Amino acid sequence: MPYESRADSVMYCQVLAELARDRGWAVHLYTAKDGEAEAVRILGERAKEVLHGPRAVWGAPWSKDHRAALAATIVAT
């Protein structure tokens, strides 16, 4: 991806966050690369079961992206 277009997605997210706050919605920001580690810290001993359990039970298409989204939800709550 060209470097020139990276700012577009950041600005888009900032606008969405501002609009959400204007509506009274809670907005939680986190660093994506640290999200799973933060969820592990919050979950403690249950982390492996919670974050990797769905893949073990349901199989594909549960992927790293799904796990990252679940971790973000845990961090935000």
Side-chain angles (χ1 to χ4, degrees):
M1 177 186 309
Y3 289 103
E4 294 84 20
S5 65
R6 290 186 182 181
D8 293 347
S9 63
V10 173
M11 291 186 300
Y12 180 74
C13 288
Q14 288 173 339
V15 169
L16 286 177
E18 289 173 20
L19 292 171
R21 287 186 187 109
D22 289 348
R23 291 176 178 238
W25 298 348
V27 176
H28 302 276
L29 304 177
Y30 71 100
T31 304
K33 67 178 184 170
D34 300 331
E36 190 168 343
E38 180 65 13
V40 167
R41 186 191 66 73
I42 292 167
L43 292 169
E45 293 179 11
R46 297 180 36 224
K48 184 174 180 180
E49 175 190 351
V50 172
L51 295 174
H52 295 275
R55 172 72 179 195
V57 173
W58 300 324
W62 187 266
S63 67
K64 181 180 178 183
D65 291 339
H66 295 102
R67 190 173 65 245
L70 175 57
T73 302
I74 293 164
V75 171
T77 55

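Keep in mind the model is a prediction, meaning the values are calculated, not measured. We count residues from 1, following the sequence as given.
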Report task. Please collect all salt bridge (charged side-chain N to carboxylate O under 4.0 Å, His left out) contacts where either partner lies in residues 58-72, sequence neighbours excluded, each pair once. Result -> Glu36-Arg67
**Report entry** Nearest heavy atoms of Ala60 and Arg55, plus distance in Å
**Finding:** CA-NH1, 3.6 Å
Report task. Identify, with sequence neighbours excluded, every residue that meets side chain to side chain donor-acceptor pair (under 3.5 Å) alongside Glu38. Result -> Arg41
Query raised in the report: Listed by chain and number, what are the ring pair (Phe, Tyr, Trp, His ring centres under 6.0 Å) partners of His66, not counting sequence neighbours?
Result: Trp62
Query - Shortest non-hydrogen contact between Ala20 and Val27, atoms and distance - result: CB-CG2, 3.6 Å
Report summary line: Scanning both residues in full, the closest heavy-atom pair of Glu49 with Pro54 reads O-CD, 4.1 Å
Query raised in the report: Got more than 12 heavy atoms from elsewhere within 6.0 Å of CZ, Arg21?
Result: yes
Requested in this report: Please name the pair of heavy atoms, one in Val75 and one in Gly35, separated by the smallest distance, quoted to 0.1 Å.
Outcome: CG2-O, 3.6 Å
Query raised in the report: Going only through I, L, V, M, F, W and Y residues with side-chain contacts under 4.5 Å, is there a path from Val57 to Leu43?
Result: yes
Requested in this report: Over all heavy atoms of both residues, which pair between Ile74 and Val50 is shortest? Give the atoms and the distance, please.
Outcome: CD1-CG1, 3.9 Å
Query raised in the report: What distance separates Glu18 CD from Cys13 SG, expressed to the nearest 0.5 Å?
Result: 11.5 Å
